[in-house]
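By convention in this document, chain letters (A, B, ...) are assigned in the order of the sequence lines, proteins followed by strands, and residues within each chain are numbered from 1.
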Amino acid sequence: MNLPAGDGRGFTDPVHESQKCFRAIMNALAHPAEPHPFMPPNSGCGALGAEAAAILLTLADFDTPVWLGGAGDCGEVREFIAFQCGAPIVADRAQAAFALIPESVSLAALESFSQGEPEYPDRAVTLIVQVECFGVGPWRFSGPGLRQPRSFSFAPAPDDFMALWQENSARFPLGVDILFVAQGLIAALPRSLIVQGN
Amino acid sequence: MNAAPEYNFAYLDEHTKRMIRRAILKAIAIPGYQVPFASREMPMPYGWGTGGVQVTAAILGRYDVLKVIDQGADDTTNAVSIRRFFQKTAGVRTTTRTEEASIIQTRHRIPEAPLKEGQVLVFQVPIPEPLRFLEPRETETRRMHALEDYGVMHVKLYEDIARHGQIATTYAYPVKVADRYVMDPSPTPKFDNPKMNDCPALQLFGAGREKRIYAVPPYTKVVSLDFEDHPFERTRVAGSCELCGSGGVFLDEIVTGDDGARIFVCSDTDHCANARDREAQ
């Protein structure tokens, strides 16, 4: 079968490029609260950076409603997702399997996204959050995937991020999982991690 | 590179891989919880590792090195056929050496050689639900997991003690993952249970017929259920391997003649071969 050539912004070799991106995402989630190299081959579009686009290209399809936040909700990004992933765009954030948050500072109200159900906690959203950079401190994370507690931070961050995350991990096994992306980097916070101040 | 271009890389189509990949990510985020997935028919019967094969196919890349073991052995039917399956459909490099492999698919042992960070261990699982033989209804076991209601499992272990004087469960010994979910470690001998705790490698579990995927992330607490006065005991291993002399490893009993003669040898063939190589040098 010949796939349509596309517009050059998606994967050119979808089988192997999506596998490579998936392994980077899986590795980030298995070794959380730590920036890992992430060099996707595709380009981004508008408010959607190449790294966030690569996550959607790798994981999103017609089974996964996508919610677009802030500047991400524009015609250009909608077209990109419709053409490259075929994923439905939803206005109700509680319906989304993936939610794009183009500016990390606007991260808020995590409980308004799908949290999963007590019997099916896997039916929770995965947030894709674009950040400018990663650093260490002011938070210390511990939990599965971490041999010892780990300092981790991202910028720009909302002032109340620690409280947001404490509420999120208090809901475990419900809750949201976050994939943070910066240029060339990916880091993950699964809901199983707990946070403390440094 | 691809020996059989009529198959997609690693057999599964891309939509199926995406669906399995999403299930794997949620499984890692909720350690020990069984994520339902739309398991596909595979070109092998249920019971031959269709769940493990689908997980491996979804994560496998061109540069991975694959090892497949069947009860520790690289050279038995199930291991050989699955290894050939991926050689044929993905053209990946395969190995029998634990330390060389990036992905190790297993039913149901954990190699004797310590696993490293970055390696992925994929278990083939027949019955993923640890509570299934105690409560046959899926709706009920789901609720029991949701409410963290695991009393019935302790009753079962207690009944073992009442009847046999000890916990008689020797394989598929239930564990609690990250202080939350009770998980079936697949029918791995309980000898291997302690290796799951704080393991540097990522452990993924796939059950094809039962359509479940679950995971233990690296460096995660995995505790075998027990009682204060009847603590978990690793199976005692009397003696050592007759071929390589290794002690403290899991041994298989091999019948060597019509007269009932038998010897005990390493279940992990790679470990045994390495030990004999070292001795020969």
Side-chain angles (χ1 to χ4, degrees), chain A residues 1 3 11 13-32 55 57-64 85-87 97-98 116-126 142-148 150 172-179 188-193, chain B residues 8-10 13-15 17-38 58-64 102 117-118 120 138-139 141-148 177-181 198 200-204 213-222:
Chain A
M1 189 184 77
L3 292 166
F11 291 147
D13 179 6
V15 171
H16 298 292
E17 289 173 357
S18 63
Q19 187 275 337
K20 225 174 142 203
C21 287
F22 168 71
R23 282 292 279 276
I25 299 167
M26 182 175 88
N27 186 50
L29 206 61
H31 300 279
I55 294 176
L57 290 170
T58 303
L59 296 173
D61 57 27
F62 55 82
D63 285 333
T64 59
C85 311
F98 292 98
E117 299 149 37
E119 272 97 356
Y120 294 94
D122 55 298
R123 295 177 184 170
V125 74
T126 303
S142 52
L146 292 174
R147 183 157 36 172
Q148 54 220 12
R150 220 192 132 76
F172 188 86
L174 306 190
V176 306
D177 308 306
I178 305 185
L179 300 174
L189 286 185
R191 65 191 89 170
S192 54
L193 291 197
Chain B
N8 188 27
F9 179 80
D13 62 276
E14 291 304 300
H15 174 245
K17 286 187 195 167
R18 270 194 301 276
M19 175 268 298
I20 295 173
R21 287 166 181 170
R22 292 193 295 261
I24 291 171
L25 296 182
K26 287 301 176 197
I28 295 171
I30 318 165
Y33 164 75
Q34 302 161 51
V35 182
F37 81 110
I59 64 176
L60 192 67
R62 274 185 287 199
Y63 303 110
D64 275 311
S102 57
E117 209 169 286
V120 184
E138 170 70 6
T139 46
T141 52
R142 287 243 149 222
R143 185 166 306 152
M144 290 157 82
H145 282 294
L147 299 174
E148 213 177 339
V177 181
D179 297 319
R180 178 58 179 83
Y181 282 97
D198 214 24
L202 170 64
Q203 301 172 78
L204 300 176
I213 286 172
Y214 51 105
V216 175
Y219 306 115
T220 298
K221 190 171 155 194
V222 178

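No donor-acceptor distance shorter than 3.5 angstrom exists from the side chain of T220(B) to the backbone of V216(B), with no hydrogens or angles considered. Using a distance-only test at 3.5 Å, with no hydrogens or angles considered, a donor-acceptor pair links the side chain of R22(B) to the main chain of L59(A). R21(B) places a side-chain N or O within 3.5 Å of a backbone atom of A58(B) that can act as its donor or acceptor partner. Side chain of K26(B) to backbone of A124(A): a donor-acceptor contact under 3.5 angstrom is found.
Chain B forms the most heavy-atom pairs under 4.5 Å with one residue out of A188(A), G116(A), G143(A), P173(A), and that residue is P173(A). With chain A as the partner, the residue from A23(B), P31(B), A27(B), A178(B) showing the most heavy-atom pairs under 4.5 Å is P31(B). Comparing P190(A), P118(A), P32(A), A30(A) by heavy-atom pairs within less than 4.5 Å of chain B, the highest count is held by A30(A). For chain A, the option among P200(B), P217(B), A29(B) with the highest count of heavy-atom pairs below 4.5 Å is A29(B).
In this structure, chain A has a heavy atom under 4.5 Å from the side chain of I24(B), while its backbone stays farther away. For chain A, the nearby part of Y181(B) is the side chain; its heavy atoms alone come within less than 4.5 Å. Looking at D64(B), the atoms closer than 4.5 Å to chain A (heavy atoms on both sides) all sit in the side chain, from C-beta outward. Heavy atoms closer than 4.5 Å to chain B are found in the backbone of A60(A), but not in its side chain. At a 4.5 Å heavy-atom cutoff, the contact between I59(B) and chain A is made by backbone and side-chain atoms alike. Looking at V120(B), the atoms closer than 4.5 Å to chain A (heavy atoms on both sides) all sit in the side chain, from C-beta outward. For chain B, the nearby parts of T126(A) are the backbone and the side chain; heavy atoms of each come within less than 4.5 Å. Y120(A) touches chain B through backbone and side chain together, each having a heavy atom under 4.5 Å away. Of the two parts of L147(B), neither the backbone nor the side chain holds a non-hydrogen atom closer than 4.5 Å to a non-hydrogen atom of chain A. For chain B, the nearby parts of D61(A) are the backbone and the side chain; heavy atoms of each come within less than 4.5 Å. E117(B) touches chain A through its side chain: at least one heavy atom from C-beta onward sits under 4.5 Å away, while N, CA, C and O do not. For a residue to count as touching a neighbouring chain, one of its non-hydrogen atoms must lie under 4.5 Å from one of that chain's; by this rule R143(B) touches chain A with backbone and side chain alike. For R147(A), the parts sitting under 4.5 Å from any heavy atom of chain B are the backbone and the side chain alike.
Using a 4.0 Å cut-off between charged nitrogen and carboxylate oxygen, K221(B) and D179(B) count as a salt-bridge pair.
Here the side chains of L204(B) and I213(B) are not in contact, with every heavy-atom distance at 4.5 Å or above. Contact annotation: the side chain of L202(B) approaches that of M26(A) to within less than 4.5 Å [non-hydrogen atoms, C-beta and beyond]. Looking at heavy atoms from C-beta onward, F172(A) lies in side-chain contact with S192(A) at the 4.5 angstrom threshold.
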Please report the C-alpha distance between H145(B) and Y33(B) in whole Å, then the side-chain angles of each, then the deciding distance to 0.1 Å, and finally whether the ring-ring contact (aromatic ring centres under 6.0 Å, His included) criterion is met.
-> CA-CA 8 Å; H145(B) 282 294; Y33(B) 164 75; 7.9 Å; no
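Listed here is the closest heavy atom pair of E14(B) and S18(A): OE1-OG, 3.5 Å.
In this structure, M19(B) CE and T64(A) OG1 are separated by 12.5 Å, a value rounded to the nearest 0.5 Å.
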